Amino acid sequence: MNAVAAPAPTRRFAITGMTCASCASRVERALRAVPGVSDASVNLATERADVVAGPEVTSAALVAAVAGAGYGVALRTVDLALSGMSCASCVARIERALAAVPGVVEASVNLATERARVQVGDDVDDAALVAAVAAAGYAATVAGDAATPSTAQRDGPSSSAAPRASREARHLLIAAALSLPLALPMIGLLFGAHWMLPGWLQLLLATPVQFWLGARFYRAAWGALKARTGNMDLLIALGTSAAYGLSVYHLLVPPPHHGAAPLYFEASAIVITLILMGKWLEARAKRQTTAAIRALQALRPSVARVRRDSVEVEVPVAQVAVGDVVVVRPGERYPVDGELLEGRTHADESLITGESLPVAKQVGDRVTGGAVNGEGAVAVRTVAVGAESALARIIRLVEDAQAKKAPIQRVVDRVSAVFVPVVVAIALVTALGWGLATGDWNAAILNAVAVLVIACPCALGLATPTAIMAGTGVAAQAGILIKDAEALETAHRIATVAFDKTGTLTEGRPRLAERIAADGDDRALLARAAALQRGSEHPLARAVVAAADADGIAATAARDVQAVSGLGVRGTVDGRALLLGSGRMMREAGVDLAAFDARAEVLAASGHTVSWLAERGEPAAGARLLGLLSFRDQPRADAREAVARLHAMGVRTVMISGDNRGAAGAVGAALGIDAVRAEVLPGDKADAIRALAADGVVAMVGDGINDAPALAAADVGIAMGSGTDVAMHAAGITLMRPEPGLVADAIDVSRRTTRKIHQNLFWAFVYNVVGIPLAAFGLLDPVVAGAAMALSSVSVVANTLLLRTWHARS
């Protein structure tokens with residue numbers, strides 16, 4: 001009787017971007033076109049897609065099909081805290097187990113943080129992810145939201161760090177105490193002393209080390225075998241068990257010639273002790289790489305003093321709501337993001353933005369949760385709490401960067417996937433080769449044990465993530481937020497940095513420098529321009545309105561105001577149709593600028609930005625020039641030094657601006673910029689970036705909404721933290737202070753981090769490339785192999801910790 005095949009599982013996804021029935025049909029067709037999909041139905045009302053597909057169809061392929069049809073899939077991210085991993089092959093195994101869960105689009109596991117970040121569809125149950133990890137031989141719990149201090153500290157990578165570290169230290173001390181009597185006779189032989197313990201006593205000392213303190217290796221090895229794969233624990237379990245088992249055999253079956261039985265209890269016990277010591281040192285060093293995150297988490301106060309009904313009440317921060325008035329005394333940390341309602345003070349934001357000097361605060365200014373209040377008691381109206389606070393977003397950004405894999409790590413993962421089976425094969429060949437060639441099976445087994453012990457893929461797994469953690473951590477402390485590991489790795493190859501001008505290289509606060517009216521009435525000219533610009537957030541618009549207010553010019557209402565992207569604005573003031581904008585706008589409208597051309601050229605050559613005001617008449621009459629306005633925006637104090645630092649690093653600089661050629665050229669020349677692209681419309685900035693990419697990796701530095709496409713188009717987008725959220729979302733790196741010098745610091749920390757990754761990988765491979773042949777040829781004792789294996793992981797992490805000495809120059 002033929003078995004009935006189990007039905008293919010149904011996967012459900014939330015679809016975004018659909019507007020009509022034809023959209024649903026298009027998504028259905030795209031999903032059904034995926035090989036292995038037997039059926040797909042899309043419900044427009046619920047915006048859900050149900051897909052029946054075989055296990056060979058990955059959720060990533062289904063998401064890609066939806067994206068190819070022009071729509072999106074609403075995914076959520078699940079963070080899992082893992083335990084039981086020991087090496088890079090463990091990482092690969094957990095990733096495969098998670099990827100096999102229907103609805104999982106992507107899974108990334110970080111050995112250093114012991115975290116998994118999983119992108120899943122709407123219908124995936126967190127319990128299914130935990131079960132998949134358990135089936136692979138490991139333990140997992142759903143980690144909490146990093147935005148809540150108590151949760152983050154409870155569920156984070158080091159949630160049980162203190163008790164676990166204490167247990168590790170205790171086990172290490174016990175192992176050392178039991179192994180020392182076995183090691184002393186070996187030391188004594190160097191001096192001609194014979195302190196060999198009786199065989200049964202060696203057995204009593206080695207057995208607890210092998211099967212109690214070393215039980216963790218057996219458990220993990222058994223999990224690997226059940227998953228039909230291998231890991232570091234399997235190598236250790238095989239190697240030490242071989243040495244222990246051979247010793248027990250010789251102890252129970254004495255040699256026929258009545259000589260002393262060769263026992264190797266000290267090899268198995270000392271190898272396990274050395275590995276436990278290496279794990280303890282490694283864990284201790286890894287905790288130091290996450291010091292930056294812990295320092296940021298420690299900034300959040302647990303309680304806030306809230307004013308309710310004119311009474312100050314202390315409540316947990318989690319109970320503070322937006323709009324609550326919080327009182328902060330001198331020396332205390334701000335518990336929330338807010339706006340100053342009462343008082344004047346200074347705020348120490350050094351651990352958040354990297355700014356070393358306290359920042360003056362007065363009524364109306366924004367304050368950031370976690371900053372230290374200076375000398376004045378203040379009242380703050382809450383504007384953001386919990387996950388929406390600036391500090392929580394910074395922590396989330398840094399944790400996201402540390403959770404993601406650098407591109408080079410994917411290569412390491414592929415190597416690790418085949419590493420353990422290859423090592424086991426080498427060990428078998430070593431044992432058979434020595435045994436058959438010499439007949440000395442004792443030596444053959446010991447040499448095979450040395451091969452198994454020396455070959456530790458643990459260092460390979462730690463080489464990249466620990467460097468990423470340390471690099472992003474010190475960068476965050478300096479006010480440089482790196483969104484993902486790919487941006488960090490790419491930044492070291494930057495050949496060209498393209499700067500936006502206004503607000504990036506300049507202060508972004510232009511002032512009205514000159515106004516010239518065609519009819520001589522400068523006040524009327526300014527009044528009309530201010531009427532058009534009121535309500536606009538453009539820096540030039542704010543300058544016009546500020547000048548009008550300073551002159552006491554009454555506000556006039558404008559009608560039908562319309563912004564023309566990159567050119568200017570048009571509208572109606574007092575019944576007159578007006579145009580205010582660039583020379584290009586005027587030329588397209590047919591305005592004759594000859595009357596002020598000469599003056600405009602002089603102003604532009606001296607670094608001024610020139611805007612023109614004209615009136616549109618009847619179609620036959622064309623437009624009439626009313627006058628010009630010139631603006632001056634000062635370059636940032638450190639901009640020239642920042643450009644010089646980039647040149648010293650071998651990086652070419654380009655300025656891309658929508659300003660006129662004269663003003664842009666004057667700023668570029670003053671700062672030492674290599675090339676200037678002027679009069680570039682916002683929509684064309686991305687094309688300019690792509691053109692620069694022909695000469696190498698390009699970074700774009702900007703701060704405005706109009707910079708977002710260029711930031712996304714660049715290999716590395718760098719947003720000024722003083723800019724818009726749109727710009728920061730599009731960028732891979734965010735500078736918390738509006739200082740161009742941080743661009744050079746970001747490239748520097750990227751270069752140093754990448755150098756550490758390469759150094760770590762070099763040493764991790766060298767240990768194996770050199771150690772495995774030495775062990776196979778009988779030149780490496782198992783005890784020495786164990787020490788070298790433990791040292792490999794420790795040296796990789798210790799090398800990474802040197803990154804903590806890096807400091808930004810800005």
Side-chain angles (χ1 to χ4, degrees), residues 339-344 360-366 381 501-503 506-564 567-583 585-586 589 591 593 595-600 602-604 606-617 623-636 658-660 663 704 722 738:
E339 182 180 290
L340 220 60
L341 281 180
E342 303 170 8
R344 296 168 63 92
K361 301 291 182 181
Q362 56 187 357
V363 173
D365 286 347
R366 290 287 296 265
R381 179 189 289 114
K501 181 175 77 72
T502 305
T506 64
E507 293 179 352
R509 295 189 297 272
R511 293 178 182 151
L512 183 64
E514 192 169 322
R515 60 199 189 207
I516 306 174
D519 61 2
D521 190 350
D522 294 347
R523 285 181 63 84
L525 178 77
L526 183 56
R528 295 182 184 115
L532 285 175
Q533 297 286 37
R534 287 194 186 276
S536 173
E537 290 300 313
H538 192 281
L540 297 184
R542 291 200 298 265
V544 169
V545 173
D549 291 342
D551 279 9
I553 295 175
T556 303
R559 294 184 296 105
D560 303 324
V561 177
Q562 181 183 359
V564 182
L567 296 178
V569 65
R570 62 167 63 101
T572 302
V573 178
D574 296 332
R576 304 172 69 175
L578 303 179
L579 299 171
L580 175 62
S582 66
M585 184 184 196
M586 297 298 121
V591 180
L593 306 178
F596 297 125
D597 255 346
R599 182 58 185 163
V602 172
L603 290 169
S606 61
H608 288 71
T609 300
V610 177
S611 288
W612 307 83
L613 183 67
E615 181 180 1
R616 290 179 294 169
R624 180 172 62 92
L625 180 65
L626 298 180
L628 69 78
L629 305 170
S630 76
F631 306 85
R632 185 65 186 264
D633 189 10
Q634 291 296 114
R636 293 189 182 275
D659 215 339
N660 64 72
S722 58

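Starting from 1, each residue takes its place in the sequence as its number. It should be emphasised that the depicted structure is a prediction, and the values quoted were computed from it without experimental measurement.
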Might you work through the side-chain contact (heavy atoms from CB on, under 4.5 Å) test for Trp612 and Leu593, ending with a clear yes or no?
CA-CA 9 Å; Trp612 307 83; Leu593 306 178; 3.7 Å; yes
Could Asp549 and Arg542 be called an ion pair, given the rule that one side-chain N must be under 4.0 Å from one carboxylate O?
no
Any side-chain heavy atom of Val544 within less than 4.5 Å of one from Leu532?
no
Just how far is it from atom CG of Asp519 to atom CG of Leu625, taken to the nearest 0.5 Å?
10.5 Å
Gap separating the OG1 atom of Thr506 from the CD atom of Gln634, nearest 0.5 angstrom:
9.5 Å
What is the minimum heavy-atom distance between Pro510 and Ala543, and which atoms define it?
O-CB, 3.1 Å
Would you call Leu629 and Leu512 a side-chain contact if the rule is heavy atoms closer than 4.5 Å?
yes
Verify the neighbour count for atom CZ of Arg511: are there more than 12 heavy atoms of other residues, nucleotides or ligands below 6.0 Å?
no
Any side-chain heavy atom of Phe596 sitting closer than 4.5 Å to one from Ile516?
yes
Main chain of Asp551, side chain of Arg523: is a donor-acceptor contact present, judged purely on distance under 3.5 Å?
yes
I'd like to check Asp633 versus Thr609 (side-chain heavy atoms, cut-off strictly below 4.5 Å). Are they in contact?
no
If you compare all heavy atoms of Ala530 against all heavy atoms of Ala548, which two are closest, and at what distance to 0.1 Å?
CB-CB, 3.6 Å
Looking only at heavy atoms, which two atoms of Val569 and Gln533 are closest? And how far apart?
CG1-OE1, 4.0 Å
For Glu339, is there any backbone N or O sitting under 3.5 Å from a side-chain donor or acceptor partner on Arg366?
no
Side-chain contact test, heavy atoms from C-beta onward, threshold under 4.5 Å: evaluate it for Glu615 versus Arg528 and give yes or no.
no
Without swapping roles, check the side chain of Thr572 against the backbone of Asp560 for a donor-acceptor pair under 3.5 Å.
no
Determine whether Ser611 and Leu540 make a side-chain contact, defined as any pair of heavy atoms from C-beta on separated by less than 4.5 Å.
yes
May I ask you to test the Leu628-Met586 pair for a side-chain heavy-atom distance under 4.5 Å?
no
Heavy-atom nearest pair, Arg570 first then Leu579, reads CB-CD2, 3.7 Å
Please give me the minimum heavy-atom distance between Val591 and Ala614, naming the atom from each residue.
CG2-CB, 3.9 Å
Distance in Å, His608 NE2 paired with Arg632 CZ, rounded so as to fall on 0.5 Å steps
5.5 Å
Donor-acceptor contact present, side-chain Asp574 to main-chain Arg576, <3.5 Å:
no
